[in-house]
Amino acid sequence: MVRPITEYASVVWDPVTQKDINKIEMVQRRATRFVYVNILILTARFCWACGANKVCDNTPEEKFILLNKLRRSGECKRKTQEMQRRDCYMENLQELDESLRILKNNHCCNVGWVQFQNKCYLFSHTTETWSDAASVCRVFNSILAEPRSETESKFLIGHSQGQGGNFWIGISDIIVEDRWEYSSDQSVVTINQFYPGEPNEHITGNCLILWEAYHGLWGDYYCSKPNKFICETDIRSHETEIIG
Ligand SMILES: [Ca+2]
């Protein structure tokens with residue numbers, strides 16, 4: 001099957017003994033496998049590059065014939081170049097998208113603020129009364145933290161434990177005793193993270209605090225006592241500040 005042009009001028013290709021015949025046939029089989037495998041590789045590459053599904057569905061022999069026809073047409077070359085440009089463009093776009101995603105994740109909260117889900121939190125290092133703490137948060141376009149789910153509350157509790165100290169959050173029963181509500185919209189708090197036995201200060205303790213001694217669980221305390229505090233804002237507010 002695979003023979004050089006000089007085949008008929010060489011005695012090698014006209015073996016006399018069975019041993020030489022076997023050797024020549026072995027070489028022929030090896031050459032046949034080499035060519036066949038390369039056809040498969042070439043057609044596979046072609047199918048990928050040109051999207052020629054029709055070619056891909058044919059037998060290897062048919063692929064080889066069709067491949068050569070398409071290669072000569074020039075259309076394949078043009079189509080391949082276009083697809084290569086498109087693939088390159090898509091790769092660049094994906095890299096850019098990934099870079100933007102990383103950039104946004106790194107900067108969605110301002111320096112010093114901690115991100116959890118869709119909010120940014122500031123855990124203060126200074127202490128203020130509950131109402132002054134709320135004022136400080138407002139200066140930074142935020143409010144005292146208002147955990148709306150147990151997951152969010154557990155995050156605040158856990159993070160406060162790493163900081164050390166007690167932390168005010170934006171929940172109180174200042175307006176109606178024992179009606180614990182969020183400060184921003186006065187809606188009743190539906191989650192309960194009070195430490196067992198809390199709240200227990202009645203009308204003297206009306207502000208909610210994450211007690212360090214209670215592993216960060218809630219307690220009621222005197223609003224006029226200075227404590228650390230947690231401010232919160234949503235991520236979009238911080239992104240707007242960055243973009244603007
Ligand atoms: Ca109270």
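Values below: all heavy atoms of this structure, side chains included; hydrogens, waters and symmetry mates excluded. Only a predicted model underlies this, so the values are computations on that prediction, with no experimental measurement involved. Indexing begins at 1, ligand by ligand and atom by atom, following the structure's order.
In terms of distance to the Ca ion (ligand 1), the nearest N, O or S atom of Glu177 is named OE1. The Ca ion (ligand 1) sits nearest to atom O when only the N, O or S atoms of His202 are considered. Nearest N/O/S atom of Asp173 relative to the Ca ion (ligand 1): this is OD2.
In this pair, Phe123 and His159 present their aromatic rings tilted. The plane angle is within the 30 to 60° band.
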Determine whether Glu201 and Tyr221 satisfy the following criterion, side chain to side chain donor-acceptor pair (under 3.5 Å), listing intermediate values before the conclusion. CA-CA 7 Å; Glu201 297 290 349; Tyr221 198 48; over 6 Å; no
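Because the distance cut-off is set at 3.0 Å, Thr204 fails to qualify as a neighbour of the Ca ion (ligand 1), as none of its N, O or S atoms comes that close. For Asp220, every N, O or S atom stays at 3.0 Å or more from the Ca ion (ligand 1). One of the N, O or S atoms belonging to Gly205 lies under 3.0 Å away from the Ca ion (ligand 1).
A ring-ring contact (aromatic ring centres under 6.0 Å, His included) with Tyr121 is found for one member of Trp113, Phe140, Phe155 and no other, namely Phe155.
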What donor-acceptor contacts under 3.5 angstrom involve side-chain atoms of residues 165-172, with partners at least two apart or in another chain?
unit_1	atom_1	unit_2	atom_2	d
Asn166	OD1	Glu212	N	2.8
Trp168	NE1	Glu128	O	3.1
Trp168	NE1	Lys225	O	3.4

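Residues Arg179 and Glu177 are not paired through a salt bridge, judged by the lack of any N-O separation under 4.0 Å between the basic side chain and the carboxylate.
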